[in-house]
Participant: 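One structure, as structure tokens, below. Some questions next.
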Amino acid sequence: MVDQSYPRVEINLQYLKENVEQIVKRCGEYGINIAGVIKGTTGLPECAKQFADAGCKMIASSRLEQIEDSQNFGIDLPYLLLRVPMPSEVHEVVRLCDYSLNSEYSTMELLDAEAAKQGRKHKIIIMADLGDLREGYWDKDEMVEVAVKVENELKNVELAGVGTNLGCYGSIEATADKLDELVAIAERIEEKIGHELEIISGGGTTSLPRIFDGDMPKRINHLRVGEGIILARDLDIFYGYDLSFMHQDTYTLKAEVIEVKDKPSHPVGKISIDAFGHTPEYVDRGIRKRALLGIGKVDYGSIEEIFPKDEGIEVIGASSDHTILDIEDCKRDLKPGDIVAFGINYASMVYVTNCRNVQIVYV
Ligand SMILES: *Cc1c(COP(=O)(O)O)cnc(C)c1O
């Protein structure tokens, strides 16, 4: 393995744990259990452990290898698969997960057969699509019918409950009305099966405003939260919630300066296309001092998703392995070997934690 210090992402595990505690406590006041979602941080088991230690009742991911890593790390909680299972992976789903979110009866039948084969219990949460238009039943009569079939006809899996997901594709807000719709579906199912469902899962981070505003429907008893715990940025930036009780700097990306020079701000010569096939707009601001970093789009995705901590530093461009900064107005006198720090968001977190070139350092 190449022994490199930079680029690196520093993860403050104590901050992460305190963030989990805050959300677990606030949701707990409404009778809501939290499934800690680890996919945003690429399932790093050290991070999953903070979710477990701070009171999450489940660990959840969309990816099986992340769930297996946490189990091998010794985190002893029920595991939930967030992404509707691929029929080809039901063997692994039953082997690794205690719960899965589902929207196809044919796959639930496969899970049932597999649970019988492995002699393992597996619990099913059926997803309702309430308008966000990703996974889940659009036809709610069909959904109720399928739930009753899982309860009565599938002998090896258990119907755990219902869930929904909002704000991922269709940008639909998790209003109290939307979540009331989910509760109404749950109650139709309960009436038909003659007992209460274990889980009514009201969404992810985008459902936390119902807790902050105090209008979460009473019967919602489960949320699956990742971003709102790990970074706690989106609800602040996009909805204006005061999240000052959360650490928003749990993750810090650091990269090393490899070149510092005064250069024109407008490319010189005939403009065609950049490394990724685009032609950006270049603003001519005359000769400016700029720095080059040994990190690029392959490491973090896009320059809009990283936020320099120094005042007076502007990220003006990047290619696969280089990032270009305008440092004309930076108070620090940067030179090769110096380190520049960035805050990150969900989009860049999924890249930097998933990139072999970026060292992961726990602080
Ligand atoms: C990713 C995901 C979540 C968690 O999303 P966050 O925004 O990180 O809280 C919850 N449910 C499902 C189905 C998901 O895919």
Side-chain angles (χ1 to χ4, degrees), residues 1-12 39-44 46-47 63 65-66 230-231 233 249-285 287-363:
M1 205 158 119
V2 180
D3 181 20
Q4 257 182 340
S5 303
Y6 296 93
R8 63 160 75 183
V9 58
E10 295 179 352
I11 304 176
N12 187 321
K39 70 184 186 207
T41 186
T42 314
L44 293 167
E46 288 83 353
C47 297
R63 293 177 185 261
E65 77 277 10
Q66 297 179 359
I230 300 172
L231 298 172
R233 295 176 69 105
D249 53 353
T250 299
Y251 287 59
T252 306
L253 178 64
K254 292 187 172 175
E256 187 168 343
V257 176
I258 55 175
E259 179 190 294
V260 178
K261 297 200 187 303
D262 290 328
K263 293 191 187 184
S265 39
H266 195 273
V268 179
K270 182 167 176 277
I271 299 229
S272 61
I273 52 163
D274 73 6
F276 282 58
H278 307 292
T279 304
E281 292 270 324
Y282 303 97
V283 182
D284 190 353
R285 302 164 73 193
I287 301 281
R288 308 271 299 177
K289 189 172 183 186
R290 41 168 77 201
L292 213 51
L293 298 176
I295 188 171
K297 288 190 202 175
V298 167
D299 301 293
Y300 55 73
S302 130
I303 60 170
E304 282 79 37
E305 325 291 352
I306 59 172
F307 310 92
K309 300 236 175 195
D310 287 272
E311 231 178 279
I313 290 187
E314 194 186 335
V315 186
I316 57 174
S319 57
S320 304
D321 310 303
H322 296 79
T323 300
I324 307 163
L325 306 179
D326 183 310
I327 57 167
E328 181 74 30
D329 303 324
C330 178
K331 304 272 179 301
R332 276 203 292 160
D333 181 27
L334 289 174
K335 46 190 190 317
D338 286 347
I339 303 303
V340 177
F342 298 86
I344 59 175
N345 64 10
Y346 194 85
S348 44
M349 175 171 65
V350 301
Y351 281 90
V352 298
T353 54
N354 206 0
C355 182
R356 202 155 72 107
N357 183 49
V358 180
Q359 310 303 310
I360 292 175
V361 180
Y362 298 105
V363 297

Participant: Output all residues satisfying side chain to side chain contact (heavy atoms under 4.5 Å, CB included) with T42, sequence neighbours left out; order by chain, then residue number.
Facilitator: Q66, T353, N354
Participant: Just wondering, do M349 and Y251 contact through their side chains at under 4.5 Å, heavy atoms?
Facilitator: yes
Participant: Within the structure provided, determine whether T279 and I271 are in side-chain contact (heavy-atom separation under 4.5 Å).
Facilitator: yes
Participant: Would you indicate whether Y6, at its atom OH, is surrounded by more than 12 heavy atoms from other residues, nucleotides or ligands within a distance under 6.0 Å?
Facilitator: yes
Participant: Shortest non-hydrogen contact from A318 to I303?
Facilitator: CB-CG2, 3.5 Å
Participant: Check whether S265 reaches the backbone of R288 with its side chain - one donor and one acceptor, N or O, closer than 3.5 Å.
Facilitator: no
Participant: Say you draw a straight line from CG of L231 to OG of S348; how long is it, rounded to the nearest 0.5 Å?
Facilitator: 8.0 Å
Participant: Are any of the side-chain nitrogens in R290 or D262 under 4.0 Å away from the carboxylate oxygens of its partner?
Facilitator: no
Participant: According to salt bridge (Lys or Arg N to Asp or Glu O under 4.0 Å), who are the partners of D274, at least two apart in sequence or on a separate chain?
Facilitator: none
Participant: Do you know which two heavy atoms are closest between Q359 and R356, and how far apart they sit?
Facilitator: NE2-O, 4.4 Å
Participant: Could you pull out all donor-acceptor pairs under 3.5 Å where a side-chain atom in residues 331-344 meets a protein atom, sequence neighbours excluded?
Facilitator:
{"unit_1": "R332", "atom_1": "NE", "unit_2": "D310", "atom_2": "OD1", "d": "3.0"}
{"unit_1": "R332", "atom_1": "NH1", "unit_2": "I339", "atom_2": "O", "d": "3.3"}
{"unit_1": "R332", "atom_1": "NH2", "unit_2": "D310", "atom_2": "OD2", "d": "2.9"}
{"unit_1": "R332", "atom_1": "NH2", "unit_2": "I339", "atom_2": "O", "d": "3.0"}
{"unit_1": "D333", "atom_1": "OD1", "unit_2": "K289", "atom_2": "NZ", "d": "3.3"}
{"unit_1": "D338", "atom_1": "OD2", "unit_2": "K335", "atom_2": "N", "d": "2.9"}

Participant: Heavy atoms only: give me the nearest P7-G294 pair and the separation to one decimal.
Facilitator: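 Closest heavy-atom pair between P7 and G294: CD-O, 3.7 Å.
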Participant: Any pair with a residue in residues 293-308 that passes side chain to side chain donor-acceptor pair (under 3.5 Å), sequence neighbours left out, goes on the list, sorted by first then second residue, please.
Facilitator: D299-N357, Y300-T323, S302-E304, E305-N345
Participant: Please say which of N12, T252, I11 ends up in a side chain to side chain contact (heavy atoms under 4.5 Å, CB included) with V363.
Facilitator: N12
Participant: List in chain and number order the residues that pass salt bridge (Lys or Arg N to Asp or Glu O under 4.0 Å) with R8, two or more places apart in sequence or in another chain; answer none if no residue qualifies.
Facilitator: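 R8 satisfies salt bridge (Lys or Arg N to Asp or Glu O under 4.0 Å) with E10 once adjacent residues are dropped.
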Participant: Rounded to the nearest 0.5 Å, how far does OH of Y362 lie from CD of E46?
Facilitator: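 That separation rounds to 3.5 Å.
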Participant: Return the set of residues passing salt bridge (Lys or Arg N to Asp or Glu O under 4.0 Å) with E259 (not counting sequence neighbours), or none when no residue passes.
Facilitator: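 Listed in chain order: K263.
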Participant: Just do the side chain to side chain contact (heavy atoms under 4.5 Å, CB included) check on D326 and R285 with the steps written out, would you?
Facilitator: CA-CA 11 Å; D326 183 310; R285 302 164 73 193; 3.4 Å; yes
Participant: Could you grab the distance from atom CD1 of I295 to atom SG of C355, nearest 0.5 Å is fine?
Facilitator: 8.0 Å
Participant: Mind checking whether K254 and V9 have side chains closer than 4.5 Å, heavy atoms only?
Facilitator: no
Participant: With a 4.5 Å limit on heavy-atom distance, are the side chains of H322 and L293 in contact?
Facilitator: no
Participant: Flag the pair I324 / V315 as yes when at least one side-chain heavy-atom distance between them is below 4.5 Å, and no otherwise.
Facilitator: no
Participant: Measure the spacing between CG of L253 and NZ of K309 and express it to the nearest 0.5 Å.
Facilitator: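 With rounding to 0.5 Å, CG (L253) is 10.0 Å from NZ (K309).
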